[in-house]
Amino acid sequence: MDRLGRHVALLEKWNRRINLVSRESLRAVWHRHIADSAQLWSLRPPHATLWLDIGSGAGFPGLVIAALAAADAPELHVRLVESDTRKAAFLDTVIRDAHLPASVLSARIETLPPQAADIVSARALAPLDALLATAKIHRRADGIGLFPKGRTVHKELADAARAWRFTSRIHPSLTDPTAAIVEIGGFDRA
């Protein structure tokens, strides 16, 4: 909780200068961002050692996952990818201040060599179809994708199925009855 509290305190401070989250969602940060991100924790494979969070922005879900890993899974490292250098500086500050098992790559995901991650996640970044293209490059062969999605989750799954063959599980969101977390297992281009 101390690590998450440091994240929230720094978010409130930095959000005045950099638009990390909306003012409205900042007022409900513990439910809207922290709890929403934390629900991914129980979906991780037990053997995971590298979690890649793309388009990390304000650190959701990546920094929340790193805070949970610091307490419960010291073998897990979280790598956050953020191309906006100001947001990457924010992420680095939280990692340092909260002593999180994480690092930041300040680059566009398309420019990075394959990361061989056990888990690839992204929250509010792109449609599932585009996320699968990125995850294909950066996950291990037996890795998974965990992608929180809103009320259009079924449309995104149908759209992705036009270009991809994949196995998926839909986990109802614990924080929003209209949302879900899409867990993607094996997948390849159709």
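All residue numbers refer to positions in the sequence shown, counting from 1. What you see below is based on every heavy atom in this structure, not just the backbone, and it leaves out hydrogens, waters and symmetry mates.
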message: Using side chain to side chain contact (heavy atoms under 4.5 Å, CB included), reason through H47 and D142 one step at a time and then give a plain yes or no.
response: CA-CA 11 Å; H47 66 279; D142 61 345; 4.2 Å; yes
message: If you compare all heavy atoms of A67 against all heavy atoms of L4, which two are closest, and at what distance to 0.1 Å?
response: CB-CD2, 3.7 Å
- request: Identify whether L68 and I181 are in the same connected component of the hydrophobic contact network (ILVMFWY, side-chain heavy atoms under 4.5 Å).
  value: yes
- prompt: Any sub-3.5 Å donor-acceptor pair from E82's side-chain atoms to G57's backbone N or O?
  reply: yes
message: Strictly by ring pair (Phe, Tyr, Trp, His ring centres under 6.0 Å), give each pair with a member in residues 1-32 just once, sequence neighbours left out.
response: H7-F60, W14-F90
By side-chain hydrogen bond (donor to acceptor under 3.5 Å, both in side chains) - contacts of E183 (at least two apart): H171
- line: Taking every heavy atom of P46 against every heavy atom of E75, the minimum-distance pair comes out as O-OE2, 4.5 Å
- prompt: Going by heavy atoms in the side chains, are D159 and H154 under 4.5 Å from each other?
  reply: no
message: Can you give me the closest heavy-atom contact between I65 and W41, atom names plus distance?
response: O-CZ3, 3.8 Å
- prompt: How many angstroms lie between OG in S83 and CD1 in I54, if you round to the nearest 0.5 Å?
  reply: 11.0 Å
Path from V29 to L40 over hydrophobic side-chain contacts below 4.5 Å: yes
- prompt: For K149, which residues count as a salt bridge (charged side-chain N to carboxylate O under 4.0 Å, His left out) partner, sequence neighbours excluded?
  reply: E156
query: L91 and A58: which non-hydrogen atoms are nearest, and at how many Å?
result: CD2-C, 3.9 Å
Test side chain to side chain contact (heavy atoms under 4.5 Å, CB included) applied to D2 - qualifying residues, sequence neighbours left out: none
L112 side chain near I137 side chain, heavy-atom distance below 4.5 Å: no
field: Side chain D188, main chain F166, donor-acceptor under 3.5 Å
entry: no
Sequence neighbours excluded and cut-off under 3.5 Å, please list the side-chain donor-acceptor pairs for residues 100-109, or say none.
unit_1: S103; atom_1: OG; unit_2: H77; atom_2: NE2; d: 2.9
unit_1: R108; atom_1: NE; unit_2: E110; atom_2: OE1; d: 3.3

query: Taking only residues two or more places apart in sequence or in another chain, which ones pass salt bridge (charged side-chain N to carboxylate O under 4.0 Å, His left out) with D84?
result: R86
query: What residues, two or more places apart in sequence or in another chain, satisfy side-chain hydrogen bond (donor to acceptor under 3.5 Å, both in side chains) together with S22?
result: S25
- request: Using side-chain hydrogen bond (donor to acceptor under 3.5 Å, both in side chains) as the criterion, list what pairs up with T134, not counting sequence neighbours.
  value: none
field: R96 and D92 ion-paired at < 4.0 Å
entry: no
Note, L80 side chain near I95 side chain (heavy atom, < 4.5 Å): yes
task: Apply the test side chain to side chain contact (heavy atoms under 4.5 Å, CB included) to residues V182 and I184: give CA-CA distance (whole Å), side-chain angles for both, the deciding distance (0.1 Å), then the verdict.
output: CA-CA 6 Å; V182 178; I184 301 290; 3.5 Å; yes
- request: Give a yes or no on whether L10 and I34 share a hydrophobic cluster (residues Ile, Leu, Val, Met, Phe, Trp, Tyr; joining criterion: side-chain heavy atoms under 4.5 Å apart).
  value: yes
- line: Contacts of T178 meeting side-chain hydrogen bond (donor to acceptor under 3.5 Å, both in side chains) (sequence neighbours excluded), chain-then-number -> D176
- prompt: With sequence neighbours left out, which residue pairs that include part of residues 5-30 fulfil the salt bridge (charged side-chain N to carboxylate O under 4.0 Å, His left out) condition?
  reply: R6-D97
Please table the atom pairs, donor to acceptor, closer than 3.5 Å between any side-chain atom in residues 115-129 and protein atoms at least two apart or in another chain.
unit_1: Q115; atom_1: OE1; unit_2: R79; atom_2: NH1; d: 2.7
unit_1: Q115; atom_1: NE2; unit_2: P113; atom_2: O; d: 2.8
unit_1: D118; atom_1: OD1; unit_2: R140; atom_2: NE; d: 3.1
unit_1: D118; atom_1: OD2; unit_2: T49; atom_2: N; d: 2.8
unit_1: D118; atom_1: OD2; unit_2: T49; atom_2: OG1; d: 3.3
unit_1: D118; atom_1: OD2; unit_2: L50; atom_2: N; d: 3.0
unit_1: S121; atom_1: OG; unit_2: W51; atom_2: NE1; d: 2.8
unit_1: S121; atom_1: OG; unit_2: D53; atom_2: OD1; d: 2.8
unit_1: R123; atom_1: NE; unit_2: D36; atom_2: OD2; d: 2.9
unit_1: R123; atom_1: NH1; unit_2: H33; atom_2: ND1; d: 3.2
unit_1: R123; atom_1: NH2; unit_2: R32; atom_2: O; d: 2.8
unit_1: R123; atom_1: NH2; unit_2: H33; atom_2: ND1; d: 3.3
unit_1: R123; atom_1: NH2; unit_2: D36; atom_2: OD2; d: 3.1
unit_1: D129; atom_1: OD1; unit_2: W164; atom_2: NE1; d: 2.9

query: Is it true that L52 and I144 fall in one hydrophobic cluster, defined by side-chain heavy atoms closer than 4.5 Å?
result: no
Within one Ile-Leu-Val-Met-Phe-Trp-Tyr cluster: L146 and L63, side-chain cutoff 4.5 Å: yes
